[in-house]
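Take a look at the structure set out below.
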Number of protein chains: 2
Amino acid sequence: MIPAMSRTPLHPAREQIELPMVLDCLSDPIRLAIVYQLARQEHVSSELCCGDFYALSGKSNLAYHFAKLRECGLMQTRVAGTNRFMRLRREDLEARFPGLLDAVINSAAKDADRLQLLSGCDAVDAD
Amino acid sequence: MIPAMSRTPLHPAREQIELPMVLDCLSDPIRLAIVYQLARQEHVSSELCCGDFYALSGKSNLAYHFAKLRECGLMQTRVAGTNRFMRLRREDLEARFPGLLDAVINSAAKDADRLQLLSGCDAVDAD
DNA sequence: CGCATTGTTCAATAGTTCTTGAACCAATTG
DNA sequence: CAATTGGTTCAAGAACTATTGAACAATGCG
């Protein structure tokens, strides 16, 4: 039996991803910033780990938001040793809600300053 | 002096419309249904009045959700006699968040049954 | 005017969400 | 094994949200 904490957490199947939950998840400034940072550096690597987001909030609060992002189907978590790597579920989201994720990310990008999306962040290249 | 209740309520200017507030507003099932019904019959009339949404909830609860939709910039309310006519602020939203509203509405349309978007509604043509 | 219609506002309540720190778990390193 | 690293889980509190019914406001109509 694999120990509880080293198992990959549960993720909803593609068809279980619900629009209201996704929108609610993206409406929180910290979660929007997490998604934004993931999207912003997808051309470098599709994954980031928890520690890459410490500029946004404390560890336990981040774990709370990561769980929300997983449960609504926005993110996937892969366990590797003591690290958990997160990535956006782009394909699943595009299949369920075409154009939505990009519209949100592009809209967020326009307001990046106002939304403090990159405050103290060094995991993302500035353009 | 115009009596308080017959004045047009305050609406945010285009540049004051904030992404997190809009997403949060759209994440509530009742508000999503309101927006969806407004969008669905725009080809008939750009406006609906409060009573057209009684299938979704009670009067006072609807007034609460209408206020939220106004305050976040999704809807505009026009006062005409004892009626208030609502319409989507399509142009402002498109200018601030290109593609977002349509992505949400199209995604909602795909899940209309699951989301109970049209339950008991006769203000909207079925396709 | 008196009354119906259309909606809003208020107060109360149940439930939810975010945040924090402390405790904990698992894997790695010395 | 002990200490460190990387994250999660738990408990508690403050703040916010949705919902309800009753009271109210403004208009329209007989």
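Note on naming: letters A, B, ... go to the chains in the order of the sequence lines (proteins, then strands), and numbering restarts at 1 for each one.
Here the P atom of nucleotide dC18(C) and the CZ atom of Phe66(A) are 14 Å apart, to the nearest Å. To the nearest angstrom, P of dG6(D) lies 15 Å from CG of Leu48(A). When the C1' atom of dT8(D) is taken as reference, atom CZ of Phe85(A) falls 17 Å away, rounded to whole Å. For the pair Leu69(A) CG and dG7(D) C1', the interatomic distance rounds to 16 Å; values are reported in whole Å. Atoms CZ (Arg78(B)) and P (dT8(C)) sit 14 Å apart, rounded to a whole Å. Computed from coordinates, the Asp28(B) CG to dC16(D) C1' distance equals 14 Å when rounded to whole Å. The interatomic distance linking Glu47(B) (CD) with dG7(C) (P) rounds to 12 Å, in whole Å. Atom CG in Asp24(B) sits roughly 9 Å away from atom P in dC18(C) (whole-Å rounding).
With hydrogens and angles ignored, the 3.5 Å screen pairs no side-chain donor or acceptor of Lys110(A) with any backbone N or O of Phe97(B). Looking at His11(A), its side chain does come within 3.5 Å of a backbone N or O of Pro9(A) through a donor-acceptor pair.
Residues Leu62(A) and Gly81(A) each lie close to DNA chain C; by heavy-atom proximity, the contact nearer the 5' end of the strand is made by Leu62(A). Of the residues near DNA chain D, Met86(A) and Asn61(B), the one whose nearest nucleotide (by heavy atom distance) lies more toward the 5' end is Met86(A).
Residue Ala63(A) has its side chain nearest to dT9(D) when only dG7(D), dT20(D), dT9(D) are considered. Residue Lys68(B) places its side chain closer to dT17(D) than to any other of dT17(D), dG7(C), dT28(C). Comparing dT9(D), dT5(D), dG7(C) by their nearest atom to the side chain of Thr82(A) picks out dT5(D). With dT8(D), dT8(C), dT20(D) as the choices, the nucleotide that has an atom nearest any side-chain atom of Arg70(A) turns out to be dT8(D).
OP1 and OP2 of dC10(C) both lie 4.0 Å or more from every side-chain N or O belonging to Tyr64(B). A close approach under 4.0 Å does occur between a side-chain nitrogen or oxygen of His65(B) and OP1 or OP2 of dT19(D). In this model, the phosphate group of dT27(D) is not approached by any side-chain N or O of Asn83(B) to a distance below 4.0 Å at OP1 or OP2. OP1 or OP2 of dA26(D) has not a single side-chain nitrogen or oxygen of Arg84(B) nearer than 4.0 Å.
With respect to Asp24(B) and Lys68(B), no salt bridge is recorded, no charged nitrogen being found less than 4.0 Å from a carboxylate O. Between Glu42(A) and Arg90(A) a salt bridge is recorded (basic side-chain N to carboxylate O distance below 4.0 Å).
At a cut-off of 3.5 angstrom, counting only N and O atoms as typed in the model, there is a donor on one side and an acceptor on the other between the side-chain of Ser60(A) and the base of dG21(C).
Of the residues listed (Arg78(B), Arg87(B), Gln41(B)), the one engaging Glu47(B) in a side chain to side chain donor-acceptor pair (under 3.5 Å) is Arg78(B), and it is the only one.
Looking at heavy-atom distances under 4.0 Å, Tyr54(A) makes contact with sugar-phosphate atoms alone, never a base. No engagement by Gly58(B) is indicated, since no non-hydrogen atom pair under 4.0 Å with the nucleic acid exists.
One distance of note links OG of Ser107(B) with CG of Leu19(A); it measures 5.5 Å at 0.5 Å rounding.
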